[in-house]
Amino acid sequence: MDATVNAPLLEVRACRQSYHKDSSADLLVLEDVNVAIASGEIVGLLGRSGSGKSTLLRIVAGLLTPTAGEVQWRGARVTGPTQGVAMVFQSFALFPWLTVQENVELGLEAQGVARAERDKRAEEAIDLIGLGGYESAYPKELSGGMRQRVGLARALVVHPDLLLMDEPFSALDVLTAETLRTDLIDLWSDRKLPIKSILMVTHNIEEAVLMCDRILVFSSNPGRVANELRVPFPHPRNRHDPAFRQFVDDIYAIMTRRAPAAPKTAAAAMPAVDATFATPMQPVSTNLLAGLLETLAGHPYQGRADLPALAAALQLEADELLPMGEALQLLGFGVLEEGDLKLTDGGREFAHADTDGRKALFAAALRAHVPLVAAIRRTLDERWNHRASAVRFRDELEDHMSPDYADDTLRTAISWGRYAELYSYDEEAAQFSLEDVETAA
Ligand code: ADP
Ligand code: MG
């Protein structure tokens, strides 16, 4: 028998990735990541925002060379974009001035495939993915779900052995995402997809359990594979099956487990990073946070709720609830542990306070636990005109995280600080100030 038959298609070996920063310590994003993908499997990469999932996908695709370690594709070291690997992005990334057909053909053009063959393969991919009849439409004429179908067709048209998908459904509404997921699994199960394996990034636990044969759970700071689970259910899977629910629950527990003390690695040996600008925050509205605290404090939870049950009760997608829980944890209002969200005394106090009381508690929590907000306020207090441009804070954030994360983090600081009346913010001037803010000590 051919010795390569059982060899993995792709192997990530001891990969480490750090982003170089001029003004501070390098940012270590991935550490000692090992992943092997075999032919015939769908593997899911699950992890919190910022844990390095997209970075790993870019490394796998050959778009980014890891700082250390290597990727092997069919036994050979990857040194650049890999033929045989295609990627679907979260944001569709279509060219607005090209038709569906032209967008799909792009991948083939790059490979130098002749015109007639290009037309034929693009049509096949378009039909397969359910876009027949839309060949000459432009992206702006399509719904989000259909645009993502174009994104899929464009990846499939090159008949890649490995299809990479980076949160492919997260920009879609719930129903559209579900339809697309189901269609994709059906095509996969019927072996109609011209691919051998899928590696997909998601931060949605249910999605991973629904689609994948194997799930790798990433830990954060730095990202590494903390757990690997084989999903034991045959397709089609039933979300309501108690065993399915239990499996989802178990993953919640893994993802909310308190991180063990950091092992002594290069990460630990790196100079300490200034926490003020190093913690990415996800935009969660203070309204939602307040509602969540009230729900938790009330009946039937009385201060402690199982996350999947709470998500169902609040009609939230599971992946919307986790960031909210993380925000409560950051603020000291809640604790995530073993798949539950637990109210702290501070959280209980908030839930029972009136509007002004809540603002005061929120302000105190921000000052104590969110160094960025505290730093903004301190700057304003110190300035003679009590004003400060947002640009300088964004620049400092970008020294520690990607521009997208810096943006999210700054937006969160703006909205939380405003709610707590720690400062005002003028959108037009992109400027913080102490206007209309109580400053008397
Ligand atoms: P995920 O996809 O899991 O949300 P990413 O791989 O996008 O995570 O990012 C992981 C970390 O690396 C984040 O802290 C992010 O801010 C940082 N990062 C990503 N890309 C860059 C970049 N080009 N420059 C600097 N930092 C980056
Ligand atoms: Mg990502």
Side-chain angles (χ1 to χ4, degrees), residues 12 15-33 35 43-69 71 87-93 148 151 164-172 177 199-205 207-208 215-227 251 254-255 259 266-267 270 272-284 319-320 322-323 326-327 330 371-372 393-413:
V12 174
C15 268
R16 146 192 263 217
Q17 178 65 39
S18 52
Y19 289 107
H20 178 67
K21 301 292 179 184
D22 287 332
S23 53
S24 62
D26 284 359
L27 177 72
L28 183 64
V29 176
L30 298 174
E31 173 77 319
D32 196 25
V33 173
V35 174
V43 178
L45 215 57
L46 199 55
R48 298 186 183 179
S49 211
S51 57
K53 305 181 297 296
S54 295
T55 300
L56 180 59
L57 226 54
R58 285 204 295 278
I59 289 174
V60 165
L63 301 173
L64 185 67
T65 307
T67 314
V71 178
M87 174 113 91
V88 179
F89 297 93
Q90 170 183 5
S91 56
F92 319 143
Q148 190 52 304
L164 305 176
M165 300 199 288
D166 194 353
E167 304 195 13
F169 312 113
S170 63
L172 306 175
L199 174 60
M200 66 177 287
V201 164
T202 172
H203 59 254
N204 183 325
I205 299 175
E207 177 171 294
I215 296 176
L216 309 175
V217 183
F218 250 51
S219 62
S220 312
N221 298 322
R224 61 174 90 228
V225 180
N227 284 83
I251 299 183
I254 289 168
M255 289 186 70
M270 286 199 334
V273 178
D274 179 1
T276 311
F277 297 105
T279 317
M281 298 194 290
Q282 295 174 70
V284 181
D319 55 326
E320 292 172 301
L322 212 49
E326 282 168 15
L330 173 67
L372 173 60
F393 295 107
R394 185 191 308 268
D395 285 349
E396 300 221 33
L397 285 170
E398 284 190 12
D399 281 344
H400 296 88
M401 53 185 84
S402 65
D404 284 356
Y405 280 108
D407 224 56
D408 279 356
T409 302
L410 190 64
R411 273 203 296 134
T412 310

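In listed order, ligands and their atoms are each counted from 1.
- Tested against E31, the residues S219, C15, P222 include a single side chain to side chain contact (heavy atoms under 4.5 Å, CB included) partner, P222.
- Considering A406, S51, G47, S54 only, the shortest heavy-atom separation from atom 2 (O) of ligand 1 involves S54.
- A heavy-atom distance below 4.5 Å is not found between the side chains of M281 and D408.
- In terms of protein heavy-atom proximity, atom 19 (C) of ligand 1 is nearest to Y19 CE1, 3.5 Å.
- Among all protein heavy atoms, the one lying closest to atom 16 (O) of ligand 1 is S402 N, 2.7 Å.
- Applying the 4.0 Å criterion to heavy atoms of R48 picks out, from ligand 1, the atoms 3 (O).
- Per-residue contacts place M401 under 4.0 angstrom from the following atoms of ligand 1 (heavy atoms of the residue considered): 16 (O), 26 (N).
- Side chains of E207 and T202: a donor on one and an acceptor on the other come within 3.5 Å.
- Among protein heavy atoms, the minimum distance from atom 4 (O) of ligand 1 is reached at Y405 OH, 2.1 Å.
- Residue contacts with ligand 1: H400 is placed with no nitrogen or oxygen under 3.5 Å of a nitrogen or oxygen of the ligand (distance criterion only).
- For the side chain to side chain contact (heavy atoms under 4.5 Å, CB included) test with I215, the passing option among I254, N227, L46 is L46; the others fail.
- Here R394 pairs with D407 in a salt bridge; the nearest charged N to carboxylate O distance falls below 4.0 Å.
- With a heavy-atom cut-off of 4.0 Å, H203 does not touch ligand 1 at all.
- Counting heavy atoms under 4.0 Å from ligand 1, residue L27 touches it through the side chain alone.
- The backbone N or O of P168 sits less than 3.5 Å from a side-chain atom of Q148, completing a donor-acceptor pair.
- Using modelled atom types, one finds no donor on one side chain facing an acceptor on the other under 3.5 Å when comparing Y19 with T67.
- The protein non-hydrogen atom at the shortest distance from atom 8 (O) of ligand 1 is G52 N, 3.1 Å.
- Closest to atom 25 (C) of ligand 1, if we only count protein heavy atoms, is K21 NZ, 3.1 Å.
- Looking only at protein heavy atoms, the nearest one to atom 5 (P) of ligand 1 is T55 OG1, 3.7 Å.
- In this structure, the side chain of R48 engages the main chain of M255 through a donor-acceptor pair within 3.5 Å.
- Remark: among candidates S49, G50, S18, the nearest residue to atom 14 (O) of ligand 1 is G50, based on non-hydrogen atoms.
- Of all heavy-atom pairs spanning V33 and G223, the tightest one is CG2-O, 3.7 Å.
- Contact annotation: T55 places no N, O or S atom under 2.8 Å from the Mg ion (ligand 2).
- Panel note: side chain K53, backbone L45; no donor-acceptor pair is recorded below 3.5 Å.
- When hydrogens are left out, the protein atom nearest atom 12 (O) of ligand 1 is V29 CG2, 3.2 Å; that is the closest non-hydrogen contact.
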